[in-house]
Amino acid sequence: MSDLNELRIVDQLKAMGVLDEALLDDAAKLAQQQGIGLIQALLVSGMVSAADIAAAVQAAGEAAAAGGTASEAAALEPAEVVPEAPAEPPPQASARATQHARATRRPSASLDAYEVDTEAVRAVPRALADEYCVLPLQISEDRILVAMPDADNIFALDAIRDHTNRRVEAVEVDERELRRAIDHHYGLLARDHIRLTTPTKDLSGSVQEQAPAAGAAVDRDLLQILDQGPVVQVVQQLITDAVRMNASDIHVEPRSDHVQVRVRVDGRLTTVARLPKSLQQATISRIKILAEEDITETRLPQDGRFAAVVDDKAIDLRVSTLPTYWGEKAVLRILDKSKVFVSLRELGFRPDMLDEYEKLIHLPQGMILVTGPTGSGKSTTLYATLHTIKDETKNITTVEDPIEYEIDGINHTQVNPQIDLDFARALRHILRQDPDIILVGEIRDLETAEMAFRAALTGHLVFSTLHTNDAPSATTRLRDMGVEPYIIASSLVGILAQRLVRRICSHCREQVQPAAAELERLQLTPEQASRIRFHRGRGCQYCRNTGYSGRVALYELLVMNDEIRDAIVRGDSAHELRAIALRTGMKPLKHDGLVKVHQGITSAAEVISVMFAVEAL
Ligand SMILES: [Zn+2]
């Protein structure tokens, strides 16, 4: 590769926000030490992913073809995607920030006010930063300034003091913002960050036989480097990148002349890499080997799983491979076990609703239903619920399809249709296991419904889910299924309907004027709209210019009361039930959405996008 090409790719990587001057310096040193090219140094050290380099090469090529250079193309990008200059603030700035932190410890100060010094980040290991949710900001001979959610957390302060041998000063920053910033800044630092923990046998040899042999480090053409780079590393990078992007799935998809890699982030697929066709077979084989699938079988779909540790986080990967026209496609579902333990409030419960919901889930008996379409976050809510109420004095048993997370202290049961272990049969046996709390993954048939309701009437707290648009429709769905109305009325204690919307990125949030069409879709009068502040994410390097980062649930909670019970027994329609529920205190999903729009948590467009199926909100 010529120096000019190298420069173009470096420029492009900077424009993409994945490379800064500090990393570049490190890479240059490594390149010199090992006598390899700069791009290869970035690649082998793991500073920049193969996927990013492939994207940069493509973009640089397009820019060159268009008659410009990559840097000219980059200059046309919005300023936000260009990373800040290296974090080496003048000493005065550091001192100022420190004094500021001590003088006024503002809760929810924004991190944007501080420059993050790479040296400070290096001084505190990732594990410590994660454990106490601490981001080091500045460091000097005798002091270290950190951001943390609670500046009075003496355990955290002690741990950092002991590790760094410096006096610790703290500024308080919102925990969620902090977690994201920790991911971002440690991500930039990371080197050798991923360990695949299973399978235990060493299979790298058999992969390398299929992959082109790793040759001497010759700096010719980037695609050649990707070919020579061990496929093991490519797969590791794809997983690492996906986990850091908080992706839920990785799709490795053969196309006619390349392999497309897409990841699902916040519910949407986005392309992260195009691998050369020559890497296809080795990449898919590597994934199949990790998942303990049969690599000689390429004509049939297969399933498997493996575990990995990325940035000290334990990750489970469920793998599915499927023959497609251009070869086998692999989908890796990422299950981050740490995510189960988010609190109900973090999921999106407003404080008033959380009080009501917590009363319900601490009842000794009754049925609580969570409703919403597939992918609306029902199981996350239920796992967080079980995690909230679990206690050594209670037997909590689940029957699920599939078990998404294993919570310590809970008995998870998996249905297995191949051996006729369906929901109804599993539930019948669970009832003989002296349960206190039961989670039935889904009510699909009358037999399961009747058994679950009987359990709820006889001293058990039962949770389950239904696919209905709103909370009141759950009762009519059960009635249509054949459950006796008086049984529904007497055992149901509450119904929670939910949807997921994307969160506005906290780094680039700003107020906006809503569009007239949006107000119309939300059915708001100008007077109502004038009392709501609308927000959007402008797009920045933290959110990859989407304006969003992560998701939050919108909830609608129906708490059973006598009027609704009467209406259920009377056989009222879902519409009538909804009217009664709203009259007796249920706040509709739209209300929750508008509160979160006003608070800057989500946008009007997101609320509208989940409302289309819900009439008469
Ligand atoms: Zn942003």
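Start at 1 and go down the list; that is how both ligands and their atoms are numbered. Residue numbers start at 1 and run along the sequence shown. Please read all numbers here as calculations on a predicted model, not as lab measurements.
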If you count the non-hydrogen atoms of other residues, nucleotides and ligands that lie under 6.0 Å from NZ in Lys587, is the total more than 12? no
Does the distance from a Lys or Arg side-chain N to an Asp or Glu carboxylate O, for Arg255 and Glu253, drop under 4.0 Å? yes
Would you mind checking if Glu346 and Arg176 are paired as a salt bridge, meaning a charged N to carboxylate O distance below 4.0 Å? no
Partner set under side-chain hydrogen bond (donor to acceptor under 3.5 Å, both in side chains) for [X], not counting sequence neighbours:
X	answer
Thr525	Gln528
Arg264	none
His507	none

Within a radius below 2.8 Å of the Zn ion (ligand 1), how many protein N, O or S atoms are present? 4
